There are 2 protein chains.
Amino acid sequence: MVGIKELAQKTGFSITTVSRALAEYSDVSAETRAFIRQTAREIGYQPNEVARQLRRQRSNTLGLIIPTYDHSFSEGFFSQLLHGIGDAAGDARYDVLISARSPGDDELEAYKRIVGGNRVDGIILARTRQHDPRIAYLKQVGHPFVVSGRTAPDEIPDFPYIDVDSQAGIYAVTQHLIAHGHRQIGLILPPPDVAYTDYRRRGYADALSDAGIAYQNEWVFSGDLRRSGGYQGMYHLLDHHPTLTAVVCSNDLMALGAMQAAQALGRIVGRDIAVVGFDDLFDAEYAHPPLTTVRQPIYEIGRRLVDLLIGIIQGHPPQETQILLPTELIVRESCGTHIGKGG
Amino acid sequence: MVGIKELAQKTGFSITTVSRALAEYSDVSAETRAFIRQTAREIGYQPNEVARQLRRQRSNTLGLIIPTYDHSFSEGFFSQLLHGIGDAAGDARYDVLISARSPGDDELEAYKRIVGGNRVDGIILARTRQHDPRIAYLKQVGHPFVVSGRTAPDEIPDFPYIDVDSQAGIYAVTQHLIAHGHRQIGLILPPPDVAYTDYRRRGYADALSDAGIAYQNEWVFSGDLRRSGGYQGMYHLLDHHPTLTAVVCSNDLMALGAMQAAQALGRIVGRDIAVVGFDDLFDAEYAHPPLTTVRQPIYEIGRRLVDLLIGIIQGHPPQETQILLPTELIVRESCGTHIGKGG
DNA sequence: GTGAAAGCGCTAACAT
DNA sequence: ATGTTAGCGCTTTCAC
């Protein structure tokens, strides 16, 4: 392995001069710099990034820790988020360190190792839960971090985050259903410890309430964020409340499972029952039937998280460090907009 | 930041002893070890990973460089591969360093920086192209690496890789179509520089040839790996060769685009024209109509790449370092198995 | 069983 | 414009 010492020897200059020539310092003569750079190329010198990191006390790397146990990855959300993160980080010449840890490991350990171990300049936290211990830890150690999502509505979100306004999103889609004649609308939520669960419930409850419909706890089901959760939810809801004409699901994958369950129970989605999702798939248009969903700018969230984080790292955070992005209602076939319409 | 020095001071032992106590050396007395470990926990000591890496000359990190320019991420393949990689790496207590670089940057630079810069113990190379310069570079510097995919069939694959036997996969699906009466079958390929393109072409050509059908160059179209490529391909093929009854697409996303184009041209997929994909989506079952596809064990590939790479890094590579995994034909509605059948 | 000292490869004061 | 020197925080001989 050729190091800076070899390069210094080869060029006849000192290590210092070589280092500064390569770093474009102005106090190195143009010829010297050119010569050194040329020689570096010739002998294939590549600075040892680890040594540089140790010395400069920064890594130009952003961290992202993924909990593998809950199948985050297969939700699509994570993939798209990572896509945005990767692109924006690349543009800013940052790398991304991913650490996936399974349930056995204490999740917080991973954060301590990565953050306390000086491996990253900042960290992106995703999939917030209620009273998230990771947020508490990062606030305590004072390491730069940004959060995809928020804490639950009853907690004070005193940290930089970017979230989608899912309460408004669920409100809009529920209202849409109501406007098209639905009165008995079910809701399939994620597990209660997921931070955004309560925002979803509120948006749904508000829409019902504003339309003079009573919120009923039995119309709400909590399931895992995968197809299975949607399947179980729809099965349960239709089993106990066969008069429901619509069900709002917390993500597209669950909506697919819900549609499957509805079909298994003899309901035609889009005719007997409306099913809506919450953006998660790369493209819910080609689902069968095409899925009505609340679109979230996931890729955009990833990009902006990185910009925000880098701003914080470099000491020039933007005015706005708590950002709520709007959703967009995409109405497609599964919505069954004709149900109850005019009679 | 609390370092080993502070811990040494606090416990009254030397830095050396502290280091060894934490590393479970046997020549530290049990009580000393317990005491040091306890104190470490109390004052929140976290070893500086960067310093440790510099000293030990390894990082316990695997690298993955993603070319952002060709939308690799949105192909689904990458997401699933990364999922497998992340899980397996996590299980082996390795982190994953992701570097996404856009076209402006010389791609090879990223490899040199990451590999030459000692940031990773091994690197995973994906999306191989014909005469891939990255493979040449990695072979030359002798850094541990594994490849997802192979070089083109006319190159010597003298490096560890895991690929799917796409030639056999395409052969199988083409044969399936032929068995169900199709005689005029189109093929939509990726751009020619993608390494596996020729395997696909061969599988397709072999199936035709074995059935006594002449390979026709005009039935083959090359397009980008996204929906647009499939759309253009199908549009072009049906435009020039309206008698085609089936089209094989190189991935599911392209197949979706192809189905869309067929529908735009007034063809009913599954009745007038059969469309088949090559596994890429998280679940092609819910496409409309449900997509016939050649399933690849993508997640599995990711996992095995990591196992293989770690084996190489640690000096105990398995017997088999060039692995071809089988595909599985999944027949669904879009296949139109009734076409030409018995009539 | 424990400590002193060298050094991983680099950067950045501080000389000159 | 260039060189000397002191670390960054840790691991690992080597002594005792």
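Note that the structure is predicted; figures quoted are calculated from it, not measured. Proteins get letters first, then strands, A, B, ... in listed order; numbering begins at 1 in each.
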Along DNA chain C (nearest heavy atom to each residue), the more 5'-positioned of B:Phe13 and A:Asp27: B:Phe13

Nearest-Å distance for atom pair CZ/C1', residues B:Phe35 and C:dT2: 15 Å

Separation of atom CZ in B:Arg58 from atom C1' in D:dT11, rounded to whole Å: 11 Å

Side chain to side chain, B:Arg119 and A:Asp95, heavy atoms closer than 4.5 Å: yes

Nearest listed nucleotide, side chain of B:Ser19, among D:dG9, D:dT11, C:dG3: D:dT11

Spacing of A:Tyr25 atom OH relative to C:dC14 atom P, expressed in whole Å: 13 Å

Rounded distance in Å - CG (A:Asn48) to P (C:dT11): 9 Å

Check: A:Gln53/A:Glu49 side-chain N/O donor and acceptor closer than 3.5 Å: no

Sugar-phosphate, base or nothing in reach of A:Thr16, heavy atoms under 4.0 Å: base

Side chain of B:Arg20 - closest among C:dC10, D:dG3, C:dG3: C:dG3

pair A:Leu81-A:Ile301: side-chain heavy atoms closer than 4.5 Å: yes

Length of the line joining B:Ile15:CD1 and C:dG1:C1', which is rounded to integer Å: 18 Å

Value in whole Å for how far the P atom of D:dG9 lies from CD1 of B:Ile4: 12 Å

pair B:Leu308-B:Glu320: side-chain heavy atoms closer than 4.5 Å: no

